[in-house]
Amino acid sequence: MKRTTGQDRSITANWRPATQAVRGGTWRSEMGETSEALFLTSGFTYDNAATVAARFAGEEDGMTYSRLQNPTVAMLEERIALLEGAEACRAQASGMAAMTTALLCQLSAGDHIVAAKAAFGSCRWLVDNLLPRFGISGTTIDAGDNAAWEAAIRPNTKVFFFESPANPTMDLVDLEFVCTLARQHGITTVVDNAFATSALQRPLDFGADVVAYSATKMMDGQGRVLAGAVAGSKEFIDGKLLPFQRNTGPNIAPFNAWVVLKGLETLDLRIRRQSENAMKVAAFVESRLPTVRYPFLPSHPQYELAKKQMQAGGTIFSLEVPGGRPQAHALLDALKLVDISNNIGDSRSLMCHPASSTHHGVGAETRADMGVTEGMLRLNVGLEDPEDVIEDLDQALTAAGL
């Protein structure tokens, strides 16, 4: 591969996803390094003043300041855009920086947003608490009910915002229906695709306008750094998101971007193996408990939709214990292999109790509206041998009286 091949869309767009994940976006310096270079610099120098003026005026390509662009970050952004089938991408410091940027860059006082009521706690907080402070109203709905989307539209509705699968309820959204409906009404769809990633589901292929990520999760995949990303059309990224990001500064650090670049190289391998493991573990837990929510289990109420939209079920599922919080905590305390942790997408199996961790901040009433019960547990299945995870869950379930 030549020095600039990874940046040439006329070539890289024809590569298959696994190749894009390893080589897409790569730009090599004059040193000819194999691995992407890490540019730890806040600023850049110029040969003359005219170059500075031309770059700041947008008349000449080139780096100006790492809050606007950085070579390592630019490589990550191009790789993610390729994997998503997007024209452009901008990386942010964290997943929530990405969600906040994707919404605030395009919404103004007087606008209205329709959002899925089942969501990550901080995403729900944005809709319920932050946006109203700026005069932006929101309506939360059962996102699995197609009719609810149309019923919620107002003359000032500007954005549809949702996750699929949702955290932690594993609810799905009919991407093709909702995205088509949005386009018919001139509404922008923003899809949080963190639970699936482009390896299992590409929302833009179903008509979505914007896809947003916590790249902390599967993209890094090993629990090392915080990162976020927003991908979409060049018009959206350059015209709406970039001015917001340039002037507010939710930028990712070059080192974190480099780590995510390394994570993407194994994304396809990891998420497919972890999905296989999750399917085995979920089937076991379902043999012990009446309520397990995993998209590729036939018992999932949207199983057929999952098979239509996703290439595999993903690494995460939720389960319900009948004894509420005390029994859920007892199960967590009995774990010997699986870690108690509120992160997901890690190569290690992790379990948490959302009501007392990831969704604690939204309050009991909102949790009930979202379907997050006191007996719900969320499990991220890692790369361990699934039989070892099953054995650990088996003894923990028994210890908790299940």
Enquirer: Could you give the side-chain donor-acceptor pairs of residues 348-356 under 3.5 Å, partners two or more places apart or in another chain?
Expert:
| residue | atom | partner | partner atom | Å |
| --- | --- | --- | --- | --- |
| R348 | NH1 | Q222 | O | 3.4 |
| R348 | NH1 | D346 | OD1 | 2.7 |
| R348 | NH1 | D346 | OD2 | 3.4 |
| S349 | OG | G382 | N | 2.8 |
| S349 | OG | E384 | OE1 | 2.7 |
| H353 | ND1 | H329 | NE2 | 3.4 |
| H353 | ND1 | S356 | N | 3.4 |
| H353 | ND1 | S356 | OG | 2.6 |
| H353 | NE2 | E374 | O | 2.7 |
| S356 | OG | H329 | NE2 | 3.2 |
| S356 | OG | H353 | O | 3.3 |

Enquirer: With sequence neighbours excluded, what pairs up with I390 under the side-chain contact (heavy atoms from CB on, under 4.5 Å) test?
Expert: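 With sequence neighbours excluded, I390 shows a side-chain contact (heavy atoms from CB on, under 4.5 Å) to V281, F284, E387, given in chain and number order.
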
Enquirer: Can you establish whether the number of heavy atoms outside N247 located under 6.0 Å from its atom CG is more than 12?
Expert: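 Enclosed.
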
Enquirer: Determine whether more than 12 heavy atoms belonging to other residues, nucleotides or ligands lie under 6.0 Å from atom CZ of R23.
Expert: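 No, not enclosed.
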
Enquirer: Do M219 and R79 make a side-chain contact, defined as non-hydrogen atoms from C-beta onward lying under 4.5 Å apart?
Expert: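 Not in contact.
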
Enquirer: Determine the minimum heavy-atom distance between Y46 and T64, stating which atoms define it.
Expert: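 Shortest heavy-atom contact: OH-O, 3.1 Å.
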
Enquirer: Would you find more than 12 non-hydrogen atoms of other residues, nucleotides or ligands less than 6.0 Å from R273 atom CZ?
Expert: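 Open.
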
Enquirer: Any chance CD of E365 has more than 12 other-residue heavy atoms, nucleotides or ligands included, within less than 6.0 Å?
Expert: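 It does not: E365 CD has 12 such atoms or fewer within range.
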
Enquirer: Are any non-hydrogen side-chain atoms of L393 and L335 less than 4.5 angstrom apart?
Expert: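 Heavy-atom side-chain distance check passes, below 4.5 Å.
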
Enquirer: Report, as yes or no, whether the 6.0 Å neighbourhood of atom CD on E176 holds more than 12 heavy atoms from other residues, nucleotides or ligands.
Expert: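 No - once you tally the heavy atoms of other residues, nucleotides and ligands closer than 6.0 Å, there are 12 at most.
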
Enquirer: Does H359 have any ring-ring contact (aromatic ring centres under 6.0 Å, His included) partners at least two apart in sequence or in another chain, and if so, which?
Expert: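 None.
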
Enquirer: F120: which residues meet the ring-ring contact (aromatic ring centres under 6.0 Å, His included) condition with it, sequence neighbours left out?
Expert: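 Per chain and number, F120 pairs via ring-ring contact (aromatic ring centres under 6.0 Å, His included) with no residue.
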
Enquirer: Step through the shown structure and confirm whether more than 12 heavy atoms of other residues, nucleotides or ligands are within 6.0 Å of CD on E33.
Expert: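 Counting neighbours around CD of E33, more than 12 heavy atoms of other residues, nucleotides or ligands fall under 6.0 Å, so yes.
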
Enquirer: Within the 4.5 Å heavy-atom criterion, are Q245 and C105 side-chain neighbours or not?
Expert: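 Q245 vs C105: side chains apart.
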
Enquirer: Among residues two or more places apart or on two chains, list those pairs meeting salt bridge (Lys or Arg N to Asp or Glu O under 4.0 Å) that have a residue in residues 43-52.
Expert: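 Counting only pairs at least two positions apart or across chains, no salt bridge (Lys or Arg N to Asp or Glu O under 4.0 Å) contact touches residues 43-52.
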
Enquirer: Could you tell me whether the side chain of R293 reaches within less than 4.5 Å of the side chain of P301, counting heavy atoms only?
Expert: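 Yes, their side chains come closer than 4.5 Å.
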
Enquirer: Find out whether L181 and I153 are in side-chain contact, i.e. whether some heavy atom of one side chain is under 4.5 Å from a heavy atom of the other.
Expert: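 They are in side-chain contact.
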
Enquirer: Is there side-chain contact between D209 and F236, with heavy atoms separated by less than 4.5 Å?
Expert: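 They are not in side-chain contact.
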
Enquirer: List for me each residue that meets side-chain contact (heavy atoms from CB on, under 4.5 Å) alongside E30, sequence neighbours excluded, and say none if there are none.
Expert: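 Scan of E30 (side-chain contact (heavy atoms from CB on, under 4.5 Å), adjacent residues dropped) gives none.
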
Enquirer: What is the minimum heavy-atom distance between P132 and L126, and which atoms define it?
Expert: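 The pair with the smallest heavy-atom distance is CD-O, 4.2 Å.
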
Enquirer: If you measure from CZ on F195 to CG on D192, what distance do you get to the nearest 0.5 Å?
Expert: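 These two atoms lie 8.5 Å from each other.
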
Enquirer: Do W27 and T4 have side chains that get closer than 4.5 Å, going by heavy atoms?
Expert: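 Of all side-chain heavy-atom pairs linking T4 with W27, at least one is under 4.5 Å.
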
Enquirer: Below 4.5 Å, heavy atoms only, C-beta onward: do K262 and E36 meet side chain to side chain?
Expert: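 In contact.
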
Enquirer: Give me the atom names and distance for the closest heavy-atom approach of G323 to P326.
Expert: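 For G323 and P326, the tightest heavy-atom pair comes out as O-CD, 3.5 Å.
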
Enquirer: What are the two closest heavy atoms between V173 and S164, and how far apart are they?
Expert: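 Closest heavy-atom pair between V173 and S164: N-OG, 3.0 Å.
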
Enquirer: Angle between ring planes, F317 versus Y294, binned at 30° and 60°: parallel, tilted or perpendicular?
Expert: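 Judged by the thresholds at 30° and 60°, the geometry between F317 and Y294 is perpendicular.
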
Enquirer: Mind listing the closest non-hydrogen atom pair of Q395 and A334 along with its distance?
Expert: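 Heavy atoms only, the tightest pair is NE2-O, 2.8 Å.
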
